[in-house]
2 protein chains.
Amino acid sequence: MKIVFLFYHHMTALDLIGPHEILFRLPGAEVYRVAKNAGPIETESDHLQMIAEYSLSDISQADVLLVPGAGNGTTLKNEPEILNWINAIHQTTLWTTSVCTGSLILGASGILSGLKATSHWAVLDRLSKYGAKPTTQRIVEDGKVITAAGVSAGIDMALYLAARLTERQIAEGLQLGIEYDPEPPFNSGSPHKAAPQLVASLRKRLQEKFEE
Amino acid sequence: MKIVFLFYHHMTALDLIGPHEILFRLPGAEVYRVAKNAGPIETESDHLQMIAEYSLSDISQADVLLVPGAGNGTTLKNEPEILNWINAIHQTTLWTTSVCTGSLILGASGILSGLKATSHWAVLDRLSKYGAKPTTQRIVEDGKVITAAGVSAGIDMALYLAARLTERQIAEGLQLGIEYDPEPPFNSGSPHKAAPQLVASLRKRLQEKFEE
């Protein structure tokens with residue numbers, strides 16, 4: 001089972017590492033970390049660098065493709081080589097997946113037309129631009145495309161996907177292994193729960209970043 | 001506010017990246033990623049490499065120190081230089097923190113004697129070896145030491161710490177930013193909830209790894 005994680009400059013580290021921590025542990029998983037060019041990638045997470053071992057040209061097929069998001073507003077529209085690669089790999093996958101604004105990148109690559117999808121809550125409406133149907137859920141599955149909501153939703157999505165790829169008991173074992181029995185100390189993780197002024201200011205900031 | 005993340009070979013990537021994604025966003029945060037020697041560190045998460053920009057000798061003080069865990073059984077007991085550094089930095093911190101079996105490393109460095117602490121559920125009892133009081137909670141604060149339970153508990157701990165370092169509203173804004181409104185698809189994230197055979201086999205596997 002070939003699981004491919006796309007790395008790119010300024011991606012959000014947790015978008016990728018959450019699902020990575022779960023999916024690499026699946027029986028039979030072969031994980032590939034791929035960037036436009038192999039080497040260190042600087043994330044938007046305080047410039048933390050992580051290394052991609054493969055270049056786009058090394059990978060022509062995937063059973064699972066995962067595309068993380070970036071809070072800086074990129075949809076990789078200035079990186080046609082990456083967008084074309086995503087589109088080509090998608091033709092070969094069992095599952096094509098994204099976390100957070102990674103769904104806008106899937107959209108820009110042309111593969112969300114007519115599909116239900118989700119994204120970070122603050123920019124969910126931007127999916128319409130790519131012909132997708134913005135859907136307010138933490139995990140959205142439509143055909144072979146699974147999109148997750150903002151950043152931390154990648155963990156929930158990966159457990160869901162783990163069960164689809166193998167069996168429920170394996171996913172439950174992985175959940176136990178990472179002790180994922182969440183107890184957030186506050187109750188402000190969604191725009192329906194957080195203080196309205198927090199929601200308004202964050203929406204404004206992210207919407208501005210994702211303006212064309 | 002100087003926030004220092006310890007990197008070491010075979011650490012669990014998510015133990016570190018969960019809190020990192022939250023804490024680097026705090027107003028005034030200056031983040032330092034430090035390893036025995038600066039450079040790429042190979043995590044236990046499918047050999048994913050992340051880069052530490054600083055060596056131990058570069059860092060002599062921290063407001064916050066975070067030590068991640070490793071599922072391979074290491075307590076860094078064969079790395080006295082790192083353990084001594086942890087002990088020395090601890091003398092300078094406002095908060096010394098760990099995720100998962102990182103608490104066993106804090107223990108090995110000699111700073112948990114007489115303190116309540118937690119760890120990954122499967123090896124919680126090992127804390128006694130270091131004079132700590134094993135405590136079954138997701139986040140345990142005793143004096144200036146905050147320990148978190150297994151892997152994903154680092155996210156909860158970091159939000160709790162964010163509020164202690166700044167104010168609750170800022171922590172709530174960060175929770176909203178990473179859309180941390182968890183919806184695990186299964187209910188097996190703790191030994192009290194998971195199937196007994198999953199609990200037994202994982203406990204056996206981890207206990208063996210952490211045997212002396």
Side-chain angles (χ1 to χ4, degrees), chain A residues 12-14 16-18 20-22 24-25 29 31 33 40 45-51 53 71 100 120-121 138-139 149-153 155-157 159-160 163 168-169 171-173 175-195 198-199 201-202, chain B residues 12-14 16-18 20-22 24-25 29 31 33 40 45-51 53 71 100 120-121 138-139 149-153 155-156 159-160 163 168-169 171-173 175-195 198-199 201-202 206:
Chain A
T12 302
L14 183 54
L16 191 138
I17 294 297
H20 185 276
E21 196 65 54
I22 293 163
F24 91 84
R25 299 173 193 268
V31 170
R33 293 169 287 269
S45 307
D46 195 58
H47 312 294
L48 165 70
Q49 292 177 75
M50 305 195 297
I51 294 175
E53 293 91 345
C100 199
H120 192 286
W121 63 266
R138 195 149 172 92
I139 303 167
V151 190
S152 63
I155 296 171
D156 296 324
M157 188 271 282
L159 288 169
Y160 174 82
R168 178 171 171 152
Q169 195 186 31
E172 290 182 341
Q175 184 182 0
L176 180 63
I178 64 163
E179 204 164 344
Y180 186 48
D181 186 27
E183 291 180 27
F186 312 110
N187 188 24
S188 67
S190 92
H192 313 292
K193 295 173 178 174
L198 285 179
V199 174
S201 80
L202 188 53
Chain B
T12 302
L14 184 55
L16 191 138
I17 294 296
H20 185 277
E21 196 66 54
I22 293 162
F24 91 85
R25 298 174 193 267
V31 170
R33 292 169 286 271
S45 307
D46 195 60
H47 312 293
L48 165 70
Q49 293 177 75
M50 305 196 297
I51 294 175
E53 293 92 343
C100 198
H120 191 286
W121 62 267
R138 195 150 172 90
I139 304 167
V151 191
S152 63
I155 296 172
D156 295 325
L159 288 170
Y160 174 82
R168 177 170 172 153
Q169 194 186 33
E172 290 182 341
Q175 184 182 0
L176 180 63
I178 64 164
E179 204 163 345
Y180 186 48
D181 186 28
E183 292 180 27
F186 311 111
N187 189 23
S188 66
S190 92
H192 313 291
K193 296 174 176 174
L198 285 179
V199 174
S201 80
L202 188 52
L206 274 170

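Sequence lines set the chain letters: A, B, ... in the order given, protein chains first and strands last, and positions in each chain run from 1.
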Atom [atom1] in [X], atom [atom2] in [Y]: separation rounded to 0.5 Å?
X: A:Ile22; Y: B:Ser45; atom1: CD1; atom2: OG; answer: 11.0 Å
X: A:Ile178; Y: B:Ser152; atom1: CD1; atom2: OG; answer: 5.0 Å
X: B:Leu14; Y: A:Glu21; atom1: CG; atom2: CD; answer: 5.0 Å

Residues two or more places apart in sequence or in another chain: which of them pass salt bridge (Lys or Arg N to Asp or Glu O under 4.0 Å) with A:Glu172?
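Checked A:Glu172 against salt bridge (Lys or Arg N to Asp or Glu O under 4.0 Å); matches are A:Arg168.
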For the residue pair A:Met50 and B:Gln49, establish whether any side-chain heavy-atom pair is separated by less than 4.5 Å.
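Heavy-atom side-chain distance check fails, nothing below 4.5 Å.
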Taking C-beta and beyond as the side chain, do B:Phe24 and A:Leu48 meet within less than 4.5 Å on heavy atoms?
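They are not in side-chain contact.
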Would A:Asp181 and B:Arg138 pass as an ion pair if we require N to O under 4.0 Å?
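No, this pair does not count.
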Pair A:Arg33 + B:Asp46: basic N to acidic O under 4.0 Å:
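Answer for the salt bridge query: yes.
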Contact leader toward chain B among A:Ile155, A:Leu198, A:Thr12, where contacts are heavy-atom pairs under 4.5 Å:
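If we count pairs closer than 4.5 Å to chain B, A:Leu198 comes out on top.
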Do you know which of A:His20, A:Met157, A:Arg25 has the most heavy-atom pairs with chain B at a distance under 4.5 angstrom?
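Greatest number of close heavy-atom pairs with chain B: A:His20.
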Can you tell which part of B:Glu53 gets under 4.5 Å to a heavy atom of chain A, answering side chain, backbone, both or neither?
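For B:Glu53, the contact with chain A is made by the side chain alone.
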Does any heavy atom of chain A fall under 4.5 Å from the side chain of B:Ala149, the backbone, both, or neither of them?
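For B:Ala149, the contact with chain A is made by backbone and side chain together.
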Taking the side chain from B:Trp121 and the backbone from A:Gly177, do they hold a donor-acceptor pair closer than 3.5 Å?
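It does not hold such a pair.
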Structural part of A:Pro40 lying under 4.5 Å from a heavy atom of chain B:
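For A:Pro40, side-chain heavy atoms alone lie under 4.5 Å from chain B.
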For B:Pro184, all residues meeting side chain to side chain contact (heavy atoms under 4.5 Å, CB included), sequence neighbours excluded:
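For B:Pro184, the residues satisfying side chain to side chain contact (heavy atoms under 4.5 Å, CB included) (neighbours in sequence not counted) are A:Asp156, A:Gln175, A:Tyr180, A:Pro182, B:Pro182.
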